[in-house]
Amino acid sequence: MAHKAVRMEPAEFMAAYFPLPPGHEDQPQWPVNVFEELVEGGGLLEADIMDRFMRAINDNKLVGGLLMACSPDKPDMAEVDESRQKIDAAFFSEDDVPLLHEARPNWVDQLVSVEFKRHETDKDPFDDRDEERTDADSIERKKVRGQVITYAELVFRVQHRTALFMLLVIGRRFRFLRWDRSGAIVTRAVDYVANPEVLCEFLWRMSLQSKEALGIDPSAVRLHPGSHDYALMDEHAVERDSDLATEERILRSEELRDDVPVFKYVRMLFKESLRPGWPRFRLEVPHGSETHEFLVGRPVFHAHGMAGRGTRGYVALDCETKRFVWLKDAWRVHYDLVDQEGTILEKLNRENVRFVPTLICHGDIRNQTTDTPRVWEAKNPQKAAIPVAPSIPSFSSSNTLAASELSSSTSRKRTRSEFDSDDTLNFREECPLRRHMHYRIVEQEVAMPLSEFRSGRQLVRLVLDCVIAHQEATEKAKLLHRDVSGGNVLILPKIHYDRAKNVIRLKWTGLLADWEMSKPVHEKHDEASSPPRQPPRTGTWQFLSVGILSHQGKLVDVPDELESFFYVILYHAIRYLRSNCGNAASLLEGFFDAHTLVNNSNTYTCGLQKLNAVKTLGRLEINDDAPLKFGFPLDKLFSSILFYFKAYYKVRSYRAKLQNASPPPPLDPIEDENDDDDDDDDGDGTYSSPPPSSPSHRNQHLTSSTGAPTPTALHPALYPHEVEDDGKPSARDEQCAALLEKHETFVDILRAALASRGWKSTDKVGDRVPNDYKPVYPVAQEKGAAPSTIKRRRTLTAFPYERCFTSLPPLSVSKTTLPALGRKR
């Protein structure tokens with residue numbers, strides 16, 4: 001967890017988080033020997049410490065209105081906690097005691113979590129000896145810290161919380177912890193046997209707090225069996241005859257019974273979220289002066305990690321319209337000039353940008369912000385005004401917004417500085433903690449993960465839709481997405497009225513989602529001269545461009561985003577399509593997850609396999625001199641794209657060398673005289689192509705729809721007198737590089753591939769990554785969590801989408817239906 005705990009004195013902690021309510025100024029008198037059975041705490045086993053401690057708490061009624069219960073041996077139900085973690089104990093409200101499962105963690109109802117450790121230094125995850133740092137460094141102590149982090153993360157996942165308090169007992173000493181999405185506040189360790197009044201006051205003050213003060217989110221109302229909303233969710237989870245099957249086809253009139261039909265997979269996802277044991281909630285979402293309410297169960301996906309956005313996605317039921325919608329609950333980065341995702345979507349929708357989500361409502365939740373950064377800044381006063389300057393990126397050892405399915409330990413979020421125009425900034429750059437604001441957004445579309453594509457051709461078509469969304473966003477709304485990845489390119493079935501053929505079709509289209517990292521397209525300027533508008537931002541390591549991975553602080557440009565779209569296609573092709581690669585998991589790890597450690601520092605840059613393929617070789621290899629092959633036309637598509645990017649990086653490197661600066665300024669794009677939409681685009685994500693014998697098809701290898709040369713027209717054979725030396729780019733290189741500054745050429749390459757013959761409908765062979773795959777070179781694996789508990793950054797609920805088809809058989813070779821980007825554990 002990349003959070004940096006902040007130390008607080010016990011009295012300060014109590015005053016800040018357990019204040020005395022009016023009328024409770026008189027402190028009770030506690031027995032002097034309340035913890036006398038723990039005098040030998042230094043030599044007791046954990047189980048003995050826990051039993052004696054719990055008896056002292058409950059028998060002396062130190063927490064009125066609360067009850068402490070232990071759960072050291074039995075995990076919770078698998079429906080609630082698939083990782084089967086076992087925390088030692090927790091405090092519960094006495095009202096919830098009848099609902100508890102005996103001797104189990106009962107993660108759903110925990111108010112304050114409790115963990116016990118033996119009285120040993122290496123069992124304490126924090127260190128009071130160093131005033132400058134709180135986190136302990138030894139491996140054993142890091143393991144304990146990793147353990148309590150996973151406990152906090154699980155409570156945040158199953159409950160709706162603003163914070164979590166945790167009591168950590170290490171033999172005769174105790175600490176109180178307060179977790180939020182920015183990090184943890186930790187008290188100094190106190191010997192509660194020698195100073196029982198300190199712990200007694202802590203517990204007394206804690207018992208006087210409301211559930212909201214103890215971190216329960218009041219904007220999420222817990223639903224119970226027998227309530228109207230609970231029954232309403234059950235009612236709408238029942239399959240109906242009018243629900244539409246998911247596969248692409250011509251629809252029959254009798255299938256369109258409802259004005260707003262519900263797809264089978266949407267209702268089934270909602271039904272799947274109503275698992276026994278998982279709590280249900282009614283969530284409020286503000287929108288202007290109004291407040292909307294939605295019913296949710298188990299999230300379809302959740303982000304891994306304690307510190308960070310903590311994003312959870314739900315198929316929700318709109319209480320007003322009774323329609324299914326997509327609700328995203330997250331802790332957005334909270335700084336000046338950082339827009340809400342809903343504000344960005346409003347602009348995209350207003351500009352009629354296609355293939356993006358449709359906003360319903362959004363808003364910050366009750367001004368709920370993380371408090372840990374404020375405490376850090378208060379304890380680290382700024383000594384003098386420090387001019388804002390570009391910061392050197394740092395790298396997290398945890399996987400916090402998409403770890404891969406292969407292994408969370410091999411996928412990481414690379415942090416980097418981002419810069420914007422000169423504006424007043426409201427953060428201190430040296431603060432290691434990000435500020436977060438609780439936020440919810442509701443969108444009309446409930447989409448499917450890209451991994452559900454049915455063929456290689458369909459994969460390319462879906463990504464093309466999202467490239468068009470990106471193009472229209474940059475041209476109409478002047479926005480860059482800045483986090484193009486496999487998890488943000490989705491599939492949306494849509495009903496399309498084909499007037500030419502007088503039929504109604506169900507077509508799968510691409511949907512470019514998750515615009516929270518978007519920012520305006522920057523003008524050409526010196527990248528090092530502009531201040532960051534927030535501390536280092538994050539992106540998905542596997543899909544970041546070579547330029548972003550190799551240059552600290554580089555601004556995201558259109559070529560970087562196009563390169564990310566290329567990686568989305570390549571990743572899914574390697575993982576799901578037939579190829580000559582015998583070990584897809586190993587290739588995915590080497591190409592997408594690998595990194596280069598700079599001079600044994602903590603700075604990570606692009607892995608060599610990706611770097612060589614895109615920047616040096618311009619071709620894909622399984623290993624040295626063994627080309628990766630999928631068959632035509634996919635091989636031609638990859639070759640064409642790499643042809644351009646190799647030239648692009650050659651030009652950039654040469655200009656950087658000349659200017660003695662890195663990275664160089666953006667390249668000058670070739671001006672297009674024809675800015676009209678391509679006639680092949682029918683507006684719904686499908687593209688008609690001229691027959692092979694038509695003149696336009698015969699000549700399309702020479703010119704694109706924009707009049708710019710295509711890869712074949714720029715082939716080296718057409719430039720026989722050009723000799724490449726000294727790394728100096730040729731005229732062809734300059735032209736290719738400039739063409740990547742705009743979308744048209746990349747779009748033309750994808751369209752040309754789609755128009756080609758040779759695609760096979762059976763080229764998808766299922767998931768080629770074994771369920772039990774373990775990475776050969778795990779990157780920065782977290783201490784403390786066992787391999788079975790290390791999760792993907794974005795963990796998605798396994799869901800059999802093929803059950804929602806009526807005419808297509810399931811893929812016979814498929815080994816898993818996990819709809820997530822990246823890799824399996």
> Rounded to the nearest 0.5 Å, how far apart are CD1 of I170 and CZ of R118?
Replying inline: 14.0 Å
> Does V63 reach the side chain of M206, with side-chain heavy atoms less than 4.5 Å apart?
Replying inline: yes
> If every non-hydrogen atom of V148 is compared with every non-hydrogen atom of E115, which pair is closest and at what distance?
Replying inline: CG1-CG, 4.3 Å
> When you measure from the side chain of Q110 to the backbone N and O of P105, does any donor-acceptor pair fall under 3.5 Å?
Replying inline: yes
>> Ignoring hydrogens, what is the shortest heavy-atom contact between G363 and V285? Give both atom names and the distance.
In response: N-CG1, 4.3 Å
>> Salt bridge or not between E341 and K328? Use side-chain N to carboxylate O under 4.0 Å.
In response: yes
> To the nearest 0.5 Å, what is the distance between CZ (R178) and CE (M166)?
Replying inline: 13.0 Å
> Does any N or O in the side chain of R298 come within less than 3.5 Å of the main-chain N or O of S273, such that one atom is a donor and the other an acceptor?
Replying inline: no
> So, D180 and R434, do they make that salt bridge, N to O below 4.0 Å?
Replying inline: no
> Can any side-chain N or O of T370 pair as donor or acceptor with the backbone N or O of T372 at less than 3.5 Å?
Replying inline: no
> What pair of heavy atoms forms the shortest contact from Q209 to R205, and how long is it?
Replying inline: NE2-O, 2.9 Å
> Does E290 reach the main-chain N or O of P286 with its side chain, forming a donor-acceptor pair under 3.5 Å?
Replying inline: no
>> Looking at D229 and L295, would you say the former's side chain and the latter's main chain have a donor-acceptor pair under 3.5 Å?
In response: no
> Quick one: are R7 and V186 in side-chain contact, heavy atoms under 4.5 Å?
Replying inline: no
> Tell me, do D318 and V442 make a side-chain contact under 4.5 Å, heavy atoms counted?
Replying inline: no
>> According to side-chain contact (heavy atoms from CB on, under 4.5 Å), who are the partners of D364, at least two apart in sequence or on a separate chain?
In response: R332, Q340, M437, Y439
> Judged by atom type as modelled, is there a donor-acceptor pair below 3.5 Å linking the side chain of S113 to the main-chain atoms of L164?
Replying inline: no
>> Ring of W331, cation from R309 - is the NZ or CZ under 6.0 Å from the centre and inside 45° of the axis?
In response: no
> Distance from D122 atom CG to K142 atom NZ, nearest 0.5 Å?
Replying inline: 14.5 Å
> Atom CG in L327, atom NE2 in H362: separation rounded to 0.5 Å?
Replying inline: 13.0 Å
Indicate every side-chain donor-acceptor pair of residues 33-53 with a distance under 3.5 Å to a residue at least two apart or in another chain.
from : atom 1 : to  : atom 2 : distance (Å)
N33  : ND2    : E36 : OE1    : 3.3
E37  : OE1    : R55 : NH2    : 2.8
R52  : NH1    : E37 : O      : 2.8

>> The test is side chain to side chain contact (heavy atoms under 4.5 Å, CB included); show your working for T187 and E9 and say whether it passes.
In response: CA-CA 5 Å; T187 66; E9 298 300 328; over 6 Å; no
>> Applying side chain to side chain contact (heavy atoms under 4.5 Å, CB included) to F294 and V325, what does each step give before you reach the verdict?
In response: CA-CA 9 Å; F294 302 87; V325 295; 3.8 Å; yes
>> Around atom NZ of K61, are there more than 12 heavy atoms from other residues, nucleotides or ligands closer than 6.0 Å?
In response: no
>> For the CZ atom of R188 and the CG atom of D127, what is their distance to the nearest 0.5 Å?
In response: 10.0 Å
>> Salt bridge check, D217 against R161: does any charged N sit closer than 4.0 Å to a carboxylate O?
In response: no
> Is any side-chain heavy atom of W107 less than 4.5 Å from a side-chain heavy atom of Q159?
Replying inline: no
>> Minimum heavy-atom separation for R172 and A194, please, with both atom names.
In response: NH2-N, 4.0 Å
> Heavy-atom distance under 4.5 Å between the side chains of K123 and R141, does that happen here?
Replying inline: no
> Of K143, R129, R175, which meets salt bridge (charged side-chain N to carboxylate O under 4.0 Å, His left out) against D124?
Replying inline: R175
>> Set out, in order, the CA-CA distance, both residues' side-chain angles and the distance that settles side chain to side chain contact (heavy atoms under 4.5 Å, CB included) for R173 and V193, then state yes or no.
In response: CA-CA 8 Å; R173 294 176 293 118; V193 177; over 6 Å; no
> With a 4.5 Å limit on heavy-atom distance, are the side chains of I216 and R222 in contact?
Replying inline: no
>> side chain to side chain contact (heavy atoms under 4.5 Å, CB included), that's the test. Do V333 and H436 meet it? Break it down for me.
In response: CA-CA 5 Å; V333 178; H436 292 275; 4.1 Å; yes
> Just how far is it from atom CG of L274 to atom NZ of K271, taken to the nearest 0.5 Å?
Replying inline: 9.5 Å
> Any idea how F202 and F176 line up, ring-wise: parallel (<30°), tilted (30 to 60°), or perpendicular (>60°)?
Replying inline: parallel
>> Using a strict threshold of under 4.0 Å (side-chain N to carboxylate O), is an ion pair present between K117 and E120?
In response: no
> So, are R435 and E377 salt-bridged, with charged N and O less than 4.0 Å apart?
Replying inline: yes
> Taking atom types as modelled, is there a side-chain donor on Q85 or S83 under 3.5 Å from an acceptor on the other?
Replying inline: yes
> Should the heavy atoms of other residues, nucleotides or ligands under 6.0 Å from CG of D59 be counted, would the total exceed 12?
Replying inline: yes
>> Whether R280 engages the ring of Y230 as a cation-pi pair (distance to the six-membered ring centre under 6.0 angstrom, angle to the ring normal within 45°) should be assessed.
In response: yes
> Is N60 reaching over with its side chain to a backbone N or O of P31, donor-acceptor style, under 3.5 angstrom?
Replying inline: no
>> Looking at every non-hydrogen atom in both residues, tell me the closest pair between L177 and W179 and how far apart they are.
In response: CD2-CZ2, 3.4 Å
>> Test side-chain hydrogen bond (donor to acceptor under 3.5 Å, both in side chains) on H304 and E153; report intermediate values, then the result.
In response: CA-CA 8 Å; H304 171 54; E153 178 188 348; 2.8 Å; yes
>> Quick one, N106 and F92 - any side-chain contact, counting heavy atoms below 4.5 Å?
In response: yes
> Of the non-hydrogen atoms in S182 and A307, which two are nearest, and what is the gap between them?
Replying inline: O-CB, 4.2 Å
> Are L67 and F91 close enough that some pair of their side-chain heavy atoms sits under 4.5 Å apart?
Replying inline: no
> Are R440 and D329 close enough for a salt bridge, meaning some N to O gap below 4.0 Å?
Replying inline: yes
>> Classify the ring geometry of F18 against F165: parallel below 30°, tilted from 30° to 60°, perpendicular beyond 60°.
In response: tilted
